[in-house]
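Keep in mind that the numbers below use all heavy atoms, side chains included, and drop hydrogens, waters and symmetry copies. Not measured: the values here are computed from a predicted model. Numbers restart at 1 for each chain; the letters A, B, ... are given by sequence-line order, proteins then strands.
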Amino acid sequence: MLKITDLHARIDDTEILKGVDLEIGAGQVHAIMGPNGSGKSTLAQVIAGRERFEVTQGTVTYEGGNILELAPEERAIKGIFLGFQYPVEIPGVTNKYFLKSALNAQRTARGETELDAMEFLTLLRARAELMDMDPKFLDRSVNQGFSGGEKKKNEILQMAMLEPKLAILDETDSGLDIDALKVVAGGVNTLRSPDRAILVVTHYQRLLDYIVPDCVHVLCDGQIAKSGDKKLALELEEKGYGWIEKEMTGA
Amino acid sequence: MSEDTKSLEAIANREYAEGFVTDIEMEVVPKGLSEDVVRLISSKKNEPEWLLDWRLKAYRHWLTMEEPAWPNVQYPAIDYQDISYYAAPKSKDDAPKSLDEVDPELLATYEKLGIPLAERAALAGVAVDAVFDSVSVATTYKDKLNELGIIFCPFSEAVREHPDLVKKYVGSVVPYTDNFFATLNSAVFSDGSFVYIPKGVRCPMELSTYFRINAADTGQFERTLIVADEGSYVSYLEGCTAPKRDNNQLHAAVVELVALGDAQIKYSTVQNWYPGDAEGKGGIFNFVTKRGICRGARSKISWTQVETGSAITWKYPSCILKGDDSTGEFYSVAVASNWQQADTGTKMIHIGKNTSSTIISKGISAMQGQNTYRGLVRIAPSAKGARNYSQCDSLLMGDKCGAHTFPYIEATDTGSTVEHEATTSKISEDQLFYARQRGLSEEDAINMIVNGFCKQVFRELPMEFAVEAQKLLAVSLEGAVG
């Protein structure tokens, strides 16, 4: 579903991604781990089309087509979703209105009919309940005055509404207590299906107890240094990242 | 004009959707201003002697005044002798008796503006007093309002039919000596609207006027007077558009509001005068004096304005809070894009005890636009326990525009509370990426963020006006983010 080959990207004059190779098939869940500053968030944002980063080399193909030339909204319409590490506040725009506009913009672009107010609300309430979210959050401005945990839940709610084919979750677990973590993981797991792929970017293996990955990759200094199964995450938890970095420089 | 030419014109004028010119015969007084012109205007309208005298006093006073130089706007000198001070559509008979008699082309103009008098008025429950250049051409819903004793008519008709009311209140809030532009208006005002709501009556519909400047080189000088008698309520809507022309046009209106005890007046404006083109050529000079007085106890005046047009905007809808426990409100969205300059704000003059005022100002600057908020909160020694809350937010789009805030606070009473908050922000790249990642186009994302920024003001507008305001905002800011 997603194939990344020799991807290089930089911001200003600093090269952050230095040749990333990654392939995720439909129905799979992959986790990307790695130390701070290794390029995890950059990779997530480059896939979603953030223009701040300049891709200097390599390809990103999604469902067989190159997406590097597409605008962020075109990628979203093709089913790519990014759960933000730091969800953005939009004062004066209610969560409900934001989601309805986004969902209907995607549906229209795909040639589907728009949901009317009733259909939308019914769906939204059901999904919010699933996320254990107080309905009052739906009428508040997008992410404004939300706690860290509420913001992350809101990201997963948006994902559940937009039903993407490829969901990238950028440190969705950071700042969550264990209850919220379970809710968020539950939300992600309900989305798991044979025709969807999920890429989880995380610091800690804790989240992976709840969202069990098919593959774990370690990103070090802009490259995938090691790949393995769930056991790799446990090993990292135990030994830290130092040994992989050594392995890399020693190789 | 052939159909082809028309459609070509339509395409050429697309940036300013309301920029068409109605091709009907106009009766225009030659350019220039003199006592004779003032007399001519007065006689064309068969005005009584007292009004002519009032006009002449204003004119003579105006000759002693100088154009104000303090606003934070730049514009070429206005040649007041190069303007025609009166334009009226020519009709066979003097005035149309009903909508059927109104020039169809004139009605078509309103159609294009989205205010088909006949249908929209009926459907939307809006009574429209349409000012086409200077003479009110049609007034709807008059009979229905008559039953309640509500007077809603062209100013000139009020002068004929209700001279006592007009004489009592005209100039009582904005005297003819008030300021350069208000004084000019007092001398040459052409028409406008008059509203009187009797004691205890709640006006059952929104009253609405559409102003529109049509003839080239004519100034538009309306005068609006709204009187809400004790315990009454009225909501008044004013919408403005002007066709697109290369030269600048002058608009110097006066609006006076009088709220007696326990009365409430809500005055909403959506102003979409032609702002000039992308090079800063043409556009309306909008120099307007709007002021209301809360005369009686517990009365309330609320101004809501959405200013998206005009090359230059100079206006400060104000409230004089004379009655004890009276309330003044000012909600404003002002847009300055391309080469537009806006110097706008409000004055809240607290005189009565326990008076309160709220100011919410949202300024949006884009391209080379310059937006200035200028506001005065004055608390007189008599205004024990007065309260004011002011919030001025500026949104910048791009790096060539500017936002300026000049709040003046004069508080002499120690028991009063005055709060002022101000913010300046930019539409952030983070916000845009977030919205686009969810599937919204860049343009929709910008509109959504801007509308969110303006929400506190938009929610004060009547529903159909709020929708129009959002659309106008989207049009004004098209292509503003680079």
Within a 6.0 Å radius of atom [atom1] on [X], are there more than 12 heavy atoms belonging to other residues, nucleotides or ligands?
X      : atom1 : result
A/R52  : CZ    : yes
A/Y97  : OH    : no
A/K151 : NZ    : yes
A/K3   : NZ    : no

In this structure, CG of B/D430 is separated from OH of A/Y86 (nearest 0.5 Å) by 11.5 Å
Under a 4.5 Å heavy-atom cutoff, which of A/V142, A/L103, A/V88 has the most pairs with chain B? A/V88
Comparing B/Q431, B/K455, B/Q437, B/E429 against chain A, the one with the most heavy-atom pairs below 4.5 Å turns out to be B/Q437
Is [X] close to chain B through its backbone or its side chain, or both, or neither, when contacts mean heavy atoms under 4.5 Å?
X     : result
A/R75 : neither
A/E89 : backbone
A/I90 : both
A/P87 : both

Okay, B/Q456 and chain A: the region with an atom under 4.5 Å from a heavy atom over there is neither
For B/A445, is it the side chain, the backbone, both or neither that has a heavy atom under 4.5 Å from a heavy atom of chain A? neither
Begin with the C-alpha distance, continue with both residues' side-chain angles, and end with the deciding distance and a verdict on salt bridge (charged side-chain N to carboxylate O under 4.0 Å, His left out) for B/R436 and A/E74. CA-CA 9 Å; B/R436 292 175 73 189; A/E74 292 171 311; over 6 Å; no
Contact summary for [X] and [Y], nearest pair of heavy atoms:
X      : Y      : value
B/G439 : A/A105 : O-CB, 3.6 Å
B/L440 : A/E73  : O-CB, 3.4 Å
B/G452 : A/V93  : CA-CG2, 3.8 Å

In sequence, state the C-alpha distance, the side-chain angles, and the governing distance for B/F433 and A/L82, and then conclude on side-chain contact (heavy atoms from CB on, under 4.5 Å). CA-CA 11 Å; B/F433 178 63; A/L82 173 63; 4.1 Å; yes
Using 30° and 60° as the class boundaries, would you call the ring planes of A/F98 and B/Y434 parallel, tilted or perpendicular? parallel
